[in-house]
Each structure stands twice: as structure tokens, then as C-alpha cells.
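Values below: all heavy atoms of this structure, side chains included; hydrogens, waters and symmetry mates excluded. We name chains A, B, ... by the order of the sequence lines, and we start the count at 1 in each one.
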Number of protein chains: 2
Amino acid sequence: MKLEKVTKKPRRYDDACGTAHGLELIGERWALLVMRELMLGPRRFGDLRSSLPGLSANVLTQRLEGLEASGLVRRETLPPPASVPVYALTGWGLEAEPIIRELGRWAARSPGHDPTLPLSAVSLILSLRTMFDPARAHDAALDFVFGRDRFHARVRDGALISGRDPGAAPEAVIEGEPGAVAGLIYGFAALDDLERDGALKVFGDRGAIARFAAAFELPGKAA
Amino acid sequence: MKLEKVTKKPRRYDDACGTAHGLELIGERWALLVMRELMLGPRRFGDLRSSLPGLSANVLTQRLEGLEASGLVRRETLPPPASVPVYALTGWGLEAEPIIRELGRWAARSPGHDPTLPLSAVSLILSLRTMFDPARAHDAALDFVFGRDRFHARVRDGALISGRDPGAAPEAVIEGEPGAVAGLIYGFAALDDLERDGALKVFGDRGAIARFAAAFELPGKAA
DNA sequence: CTGTATCCGTGTTGATACTG
DNA sequence: CAGTATCAACACGGATACAG
């Protein structure tokens, strides 16, 4: 019925500059945020939608098609018994993480940045990777629970290891919304308040949380 | 006549993620390329236009207004006797250079990247900063002449210093189109051929050019 | 020369409804 | 759940015309 894909990309920059070509690859609206959501592993279409409120289904389809055509995203089917379609970054797509980090680090200094808006779980983990300061690091082992999604974060020898799925032997487990965890770790909300409001539940060693949080700080505003 | 500036920015992401906010700041088409052109110092409206073919005057006006409203660009008037209006990056705007570099470095690995397209002078200098490899650096002092624009590049003690205006005591001066210089330095064109075609004119020590070029290499394709 | 203000055709974006 | 179809609004780019 719809065999011919016209695949017109008439909006080019015609510029040999790598930056300009990068914008042709991931400069379309939502494209980089879709990649952000895939940075920690494959996701389903519906999971992407719920992590990106405001992105409609047809646009998500277009972005995934475009990213797949560019060799950044691969459409896969999970092995049985799951057998569901998922979208995954290719190796090269994964290499875009430094771009996301630099952009986030820089924009966090914006006077117009509102850190109280909703935050996806992947965004939180990537922001931890971005804002981690090895000079302030103390060993700590934390897990996070966001609904059915679980993540681990480990500080060891001045390095941060983080990702999807729980880790071994966490010293503390934090459960709540990603935004509340951000408030806790970046220090613009107090743990006592967050627990009293029911925004966060904490299990285990609170000292480990304090040690962990000490390594993370938001940069000052540029103004 | 048109006093009310509606200034609608209805296309937001509503996401606390710094990356998303960054896209709201510089994610519009052409915005990052306008900033790229300002990275090496203030420019005039017409200079920006000629460096960015395909960008129409009305869109350039919109971008400059938006970037100024975000605190990234400042409109200034050069002191007499010049007394001409120019656009300059603010300090915070200047801090976006790592984003441009990471994006360029990453996109240079794209199979679809065509390095033979036209290239602006600023793009060339920024690409040198991006691709410079301290491990291969040998001292060299080069100046570049692109029409009326002149730039300097110095490798000293494993570091690259580059910018607008000629430097002191260059060992060699290269004159031509930025794209031809890119071909020379990145090694996909031979100096002899470029000179024979009239694409490049070289004055001074050719050995310095070879020493300089040895520190720059384009990354391999991802594919 | 440095913009600003229009109109206009096209393409992109996004919300809603809908199908398998 | 995973998309597709349709339609409306907007952004983009070209071409002016115009003001200082």
C-alpha cells in the first residue's frame, strides 16, 4: 500500500563542518531526547512515549525511522518468550553520550533552567554521570527503584558506575520519582522532607546516601 | 507600528533534564551554527549571512533575537571610527564550544559525512581544535589567509593555540579556501595538487606545514 | 550596508482519532 | 501495545520591498 518511501531530506545545511552534519543527524526536534532514553538499553515504543510526554506517536515513529536510516538506532525483537519489538542504539549511537552530557552540563547553567519539572529515570542517571566529581567521591553503593524500573549506582575508587538493573549488595535503596531523587542528591530538597511528603522511601544505610550525594553538585548559574 | 512582541515559545519539552533545556536554548535550526560562527569573535550581520549560505536574512534575525533573549549573544557597536553593529557571544555563549566540538567529533564518524562540501573559516579553525592530538604534536607556527580574514595556529609544547588575526613570526602562511586547507591538513588532498590547481598558495617553510598536519587526523567511520 | 517587514509556497510538527 | 491516517498550525526559505 505504501511501498514508496520518498525519504526526502530537503532541509540540509550543505556544510562540510562536522557540527552541521551532526545537526542533520540528530538536530531534528526530539531526536536527541529519543536517543537519551535509549542510552541505558533497549526500550519499547510505549515506554519511550511515556518517558517523553509531549511527543506524539506519529512523531516518535518518524524519529525512530530517521534514526534507524542514519544507522543510530536498530529495531530488534527480544528473544522468546518476550518476543516484543524494541529499539536499541547501535554502537555509534551509543557514542553520542558525550554530546548529551556536554549539552546538559552547559544548559544546567542557564538562568531559565527549571530543575523542578518532571524528569525521566534515564535523565537522572545520565545527569549523575555528567555531574559526578571524582575529587569529591567516596565509596557508596546505591540502588534506585522507579516503578518497575530499577537502576544501580556505585562509586568505587573515584569512579562512578551506573546503569539499568539493580546491583549487588546495595548499601541503600531509594524509591520514588526521579525528580525527588534529583532533589535529594543535588541538595535542593531535604531527605526528611521528602520522606515526610511520601515523595521518597529509603531502605538501608542513610550514611551511604550522604556519602554518595557528596560527589554531585549542580554548576553555578551563568546569569 | 509593531510594538507588541508576542514572543511565543510554545515548543518546549517540559523536562527538567539539562539536555532538554539545552535543546530549547540552541536546538532550533541554524542556532548552533550561528553560535559556531561567533566562536572566534564578533561578526557583522552580513558576514554571518555569507558564512551560512542557505540561511535567509529573516531567519538569521529571528535566531539572533532568540539567542540574545537567552543571554547567549550580545548586540554591540564597535567603538569609533568603526561604529558598526556586531554580534558577539557572551561568556556563557562561549562556553558552548565543547558542545560544538563533541557534536563535530561524533558526526565526523558518520558514513554520510561529506568533507568536500564548502566550509567556513571558523569551522576549519574549530575543527582543528577538535581533532588536535597532543600525542602527535610537533611545534609549528602557521597563519591562514581566507580572503580578508586571517587566522593563526600555533603548536607549542603539545598544545594548540588558534584564533582570529595573524600571529607573530609564522613559519608558513597558507592562502586559499578553507576547504582546501582542510584537505591538506587532514590528508585527503596533496599539497602539490592543490597548488597546481590554484586552490592553495603557500609561503614559507613547507616542513612546518607537514609537522603541523601530523597532529590532525579525522576519526574512522562508524559504519 | 544593515537590517526589518511582508507575502507565499513548502515541509515539518503535533494532536486526535483510528486500525491491527 | 504498536503504530498509521488525517488534518491544522507553525517553521522555514525565497523573494521581495523598504528604512536608516
Rounded to the Å, how far apart are [X] [atom1] and [N] [atom2]?
| X | N | atom1 | atom2 | answer |
| --- | --- | --- | --- | --- |
| A:Leu23 | C:dT12 | CG | P | 16 Å |
| B:Asp47 | C:dT2 | CG | P | 7 Å |
| B:Leu60 | D:dG13 | CG | P | 11 Å |
| A:Leu48 | D:dC1 | CG | P | 13 Å |

For the residue pair [X] and [Y], establish whether any side-chain heavy-atom pair is separated by less than 4.5 Å.
| X | Y | value |
| --- | --- | --- |
| B:Ser51 | B:Arg43 | yes |
| A:Thr130 | B:Thr19 | no |
| B:Arg36 | B:Ser120 | yes |

(request) Please give the angle, rounded to 10 degrees, between the axes at the start and the end of the helix from C:dC1-D:dG20 to C:dG20-D:dC1, where five pairs define each axis. (result)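 Computed angle between terminal axes is 30°.
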(message) Looking at A:Arg109, is its backbone amide N or carbonyl O close enough to the side chain of A:Lys221 to form a donor-acceptor pair, meaning the two atoms are under 3.5 Å apart?
(response) no
(message) Using a 3.5 Å distance criterion without hydrogens, assess whether the side chain of A:Glu171 forms a donor-acceptor pair with backbone atoms of A:Ala141.
(response) yes
Quick one: sort the [X] and [Y] rings into parallel, tilted or perpendicular, breaks at 30° and 60°.
| X | Y | result |
| --- | --- | --- |
| B:Trp30 | A:Tyr13 | perpendicular |
| B:Phe151 | B:Phe146 | tilted |
| A:Phe188 | A:Tyr186 | parallel |

Can you tell me if [X] touches the phosphate of [N], counting only side-chain N or O atoms and a distance under 4.0 Å to OP1 or OP2?
| X | N | result |
| --- | --- | --- |
| B:Thr61 | C:dT4 | yes |
| A:Arg75 | D:dG3 | yes |
| A:Tyr87 | D:dG3 | yes |

(request) May I ask you to decide whether A:Glu97 forms a salt bridge with A:Arg129, counting only side-chain N to carboxylate O separations under 4.0 Å? (result) yes
(message) Between A:Glu68 and A:Arg75, does any side-chain N to carboxylate O distance fall below 4.0 Å?
(response)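 Looking at A:Arg75 together with A:Glu68, the answer is no, because their closest N to O distance does not fall below 4.0 Å.
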(message) Please encode protein proximity along nucleotides 13-19 of chain C as a string of B, S and -, counting only heavy-atom distances under 4.0 Å.
(response) SBB----
(request) Give, ordered by number, those residues of residues 33-45 of chain B having at least one heavy-atom distance below 4.0 Å to an atom of DNA chain C; if nothing qualifies, reply none. (result)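 Those residues are B:Arg44, B:Phe45.
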(message) So, applying salt bridge (charged side-chain N to carboxylate O under 4.0 Å, His left out) with B:Asp143, which one of B:Arg150, B:Arg154, B:Arg164 is it?
(response)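 The option that passes is B:Arg154.
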